[in-house]
Amino acid sequence: MNTRVKRLALPLGGAIAATSMIGATLVTSANAAAAPAKKTVSLASASEAKKISNYWTANGGANLKAATQYTEDSQVSGKVKLGGGDAAPDGKAGVVPPIGQEKVTPTKVKNVNLPKTIGKVFFTVGDKEYWCSASSIQSKYHNLVATAGHCVFDEGIQNGALDNWVFIPGYYQGKAPWGIYVGKAAYTHYDFAVYEDFDSDYAFVTVYNGIAVGGEKEVTKKTYDAWNGEKYSHDVEITEKEYNKLKDEYGPDAPVFVKDAGTEKVVPWDSKDGQIAEKEVTKDEYAAAPDADKPVNFHKSPKPPKEEIVDEETYNKYSGPGYKQIKDHAYTITHYYVEYKVQKTPSLKYYKTIYVIRYFKDAGRLGDNVGGQGFTWNQKIGQPVYIFGYPAAPHPDGDQAFTGYTPKWCYGKTFAAKPAAAFKAEAQIGLKCSMTAGSSGGPWLLKYSSTKRLGYVNGVTSLIGDADANGRIDFSTSPYFDSETYAIYKSAANLWSGSIVAKDGSLVTKA
């Protein structure tokens with residue numbers, strides 16, 4: 001890791017007024033803050049989004065089910081002294097209200113109902129599938145996800161971002177109840193993307209409209225080959241009568257074939273014991289074949305080679321097996337034939353190839369389907385928050401307390417934290433929490449209302465650890481959200497993304 005001097009605000013232009021609109025009026029205002037140095041990467045164009053969607057939806061979501069929790073070495077090891085650190089406001093506190101609560105103040109209730117906004121982000125590292133936790137968050141176009149920076153960015157990858165990135169709210173064992181949302185562009189602080197500074201371990205990702213599987217239908221091979229979406233084919237055994245009917249209907253393009261029942265090898269339909277068959281061969285093969293009067297089952301055809309005069313274009317395109325030559329200034333192709341006797345009549349099985357396409361429907365915008373949490377920054381440390389996430393890994397002592405199938409939560413008052421020099425984490429906030437790996441990226445919600453299932457994102461899970469070294473995870477940390485965080489959030493929160501589903505149910509191939 002590179003070393004550097006901490007900086008609080010490196011301007012990239014003019015000041016940003018915290019009282020500006022992000023699809024809704026701010027509840028409270030903040031001081032104008034200089035825009036920080038931010039890092040932006042494109043996650044997927046429309047055509048790339050098609051491939052990413054297919055990657056996760058193919059084979060009944062097999063790759064989704066194969067994914068495991070992402071650790072990315074973000075677990076603090078050894079005994080840790082919590083408290084201290086440099087987390088502090090750099091201006092007045094501000095908030096952006098949740099979707100649907102722009103003019104309503106959330107109320108407090110005793111029961112804890114899980115927010116609809118939370119889910120898992122899936123991505124690949126090399127040939128392996130992983131997931132983190134995340135949440136939908138308020139934005140102008142209702143298309144924004146908040147998660148940990150290490151669940152999106154990796155400076156060691158060419159693009160600087162993890163591959164095949166999608167968000168699935170409410171994900172459960174291969175199912176996407178509100179659709180799959182492919183990431184379009186991601187924003188984080190330059191310090192995290194370049195210096196791996198976990199004090200800025202957050203990311204805001206704009207996503208395309210969700211996609212949902214609309215259904216499947218059997219189609220012709222021509223339609224199948226032209227289809228942009230997910231598709232598959234399989235072979236079914238049919239009767240000889242059905243086989244002949246399809247051959248008569250479609251001719252050479254019939255999606256049928258025949259196998260020898262004993263060897264399971266595909267055989268010519270006209271294979272019969274003792275039948276004389278003919279085929280065209282090269283000039284050399286013809287010369288090597290015995291004459292027809294020899295007592296063998298493979299010989300030169302009694303009919304003489306056939307000369308064909310063609311135009312120059314046909315001559316140039318022809319690739320055999322006939323012998324090409326320019327003869328008497330004419331483009332000539334000579335065809336040679338041999339005969340052979342089929343020795344055995346196989347026991348035949350008849351098959352039809354079935355071509356199936358899977359078509360999609362536009363599931364709509366993320367925030368319209370599951371809502372979006374509010375956003376807040378420069379808040380006083382020591383306030384109570386809820387943390388939500390999908391923990392899955394065992395504790396250091398081996399106890400498997402979580403499955404990763406369903407979201408869990410922690411509740412308590414935050415404290416200033418300086419958990420790990422190895423992660424350059426000098427200005428984070430912490431909370432006592434037993435959630436293990438898999439919870440990374442999950443939202444920290446201030447003033448969460450279980451009635452409305454909404455609150456204000458005041459952090460995202462960054463690091464976890466065992467403070468007293470007893471083999472049990474007992475704390476989580478988050479970057480402190482300050483004016484720089486707000487400025488980066490605001491940049492992402494005003495970007496449009498759009499749909500990737502075409503009118504015919506295929507996935508679009510152009511931006």
Side-chain angles (χ1 to χ4, degrees), residues 20-24 38-57 96 98-100 116-123 132 134-147 149 151-153 159-171 176-188 202-214 228-229 360-375 441 443 457 487-503 505-511:
S20 61
M21 300 289 286
I22 305 180
K38 62 176 180 285
K39 174 75 172 182
T40 308
V41 296
S42 173
L43 294 180
S45 65
S47 60
E48 291 166 337
K50 177 192 75 171
K51 296 176 184 177
I52 293 171
S53 300
N54 290 340
Y55 182 86
W56 294 111
T57 59
V96 177
I99 292 176
K116 285 176 61 178
T117 63
I118 59 173
K120 290 183 177 180
V121 295
F122 291 86
F123 48 86
C132 281
S135 176
S136 171
I137 190 171
Q138 170 74 281
S139 66
K140 181 177 180 180
Y141 298 103
H142 293 188
N143 63 344
L144 193 62
V145 175
T147 189
C151 296
V152 183
F153 288 85
N159 183 43
L162 300 169
D163 296 323
N164 296 309
W165 200 97
V166 299
F167 174 61
I168 305 180
Y171 173 82
W178 291 290
I180 297 174
Y181 300 80
V182 180
K184 182 177 183 180
Y187 288 73
T188 193
Y202 52 77
F204 302 102
V205 182
T206 58
V207 293
Y208 292 100
N209 285 13
I211 65 166
V213 175
N228 288 321
F360 297 93
K361 60 182 179 181
D362 188 324
R365 302 189 304 180
L366 173 62
D368 296 341
N369 292 326
V370 301
Q373 300 296 334
F375 180 77
V457 177
I488 293 170
Y489 157 77
K490 184 174 180 290
S491 296
N494 284 289
L495 295 178
W496 175 85
S497 48
S499 175
I500 58 172
V501 180
K503 290 183 179 180
S506 64
L507 299 178
V508 298
T509 57
K510 295 181 179 179

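What you see below is based on every heavy atom in this structure, not just the backbone, and it leaves out hydrogens, waters and symmetry mates.
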| field | Whether Thr206 side chain and Leu144 backbone form a donor-acceptor pair below 3.5 Å | value | no

| field | Heavy-atom closest contact (Gly179 atom, Ala363 atom, distance) | value | CA-CB, 4.4 Å

| field | Between OG1 on residue Thr147 and NZ on residue Lys120, distance to nearest 0.5 Å | value | 12.5 Å

| Which residues share a ring pair (Phe, Tyr, Trp, His ring centres under 6.0 Å) with Phe375, sequence neighbours left out | Phe204, Trp377, Phe481, Tyr489

| note | Residue pairs meeting side chain to side chain donor-acceptor pair (under 3.5 Å), one or both in residues 178-187, sequence neighbours left out, come to Tyr181-Asn369

| remark: OG (Ser45) and OH (Tyr208) are apart, to the nearest 0.5 Å, by 6.0 Å

| said: Looking at every non-hydrogen atom in both residues, tell me the closest pair between Pro443 and Ala134 and how far apart they are. | reply: CD-O, 4.2 Å

| query | Closest approach of Gly183 and Ala44, non-hydrogen atoms and distance? | reply | O-CB, 3.4 Å

| said: Let me confirm one number: the CZ-CD1 distance from Phe360 to Ile500, rounded to the nearest 0.5 Å. | reply: 8.5 Å

| note | The ring pair (Phe, Tyr, Trp, His ring centres under 6.0 Å) partners of Tyr171 (sequence neighbours excluded) come to Phe122

| Sequence-distant partners of Thr117, side-chain hydrogen bond (donor to acceptor under 3.5 Å, both in side chains), two or more places apart | Ser135, Gln373

| note | Taken in chain and number order and not counting sequence neighbours, the residues that satisfy side-chain contact (heavy atoms from CB on, under 4.5 Å) with Ala176 are Ile168, Ile180

| field | Any residue meeting side-chain hydrogen bond (donor to acceptor under 3.5 Å, both in side chains) with Asp163, in chain and number order, not counting sequence neighbours | value | none

| field | Shortest non-hydrogen contact from Val152 toward Ala186 | value | CG1-CB, 3.5 Å

| request: Indicate the atoms forming the closest heavy-atom contact of Ile52 with Leu43, along with that distance. | output: CD1-O, 4.5 Å

| Would a 4.5 Å heavy-atom cut-off, applied to side chains only, mark Leu366 and Phe167 as touching? | yes

| task | Can you sort out the partners of Asp368 under side-chain contact (heavy atoms from CB on, under 4.5 Å), two or more places apart, ordered by chain and number? | result | His142, Arg365

| Roughly how far apart are Asn494 CG and Ser139 OG, rounded to 0.5 Å? | 8.5 Å

| note | In short, Ile99 meets Gly371 closest at the heavy-atom pair CD1-C, 3.9 Å

| request: Check side-chain contact (heavy atoms from CB on, under 4.5 Å) between Ser42 and all other residues, then give those that pass, not counting sequence neighbours. | output: none

| said: According to side-chain hydrogen bond (donor to acceptor under 3.5 Å, both in side chains), who are the partners of Thr57, at least two apart in sequence or on a separate chain? | reply: Glu230

| query | Any donor and acceptor pair, going by atom type alone, linking the side chain of Trp165 with main-chain N or O of Cys151 inside 3.5 Å? | reply | yes

| said: How about NZ on Lys116, more than 12 heavy atoms from neighbouring residues, nucleotides or ligands closer than 6.0 Å, or not? | reply: yes

| field | Which residues share a side-chain hydrogen bond (donor to acceptor under 3.5 Å, both in side chains) with Asp362, sequence neighbours left out | value | Asn209, Ser499

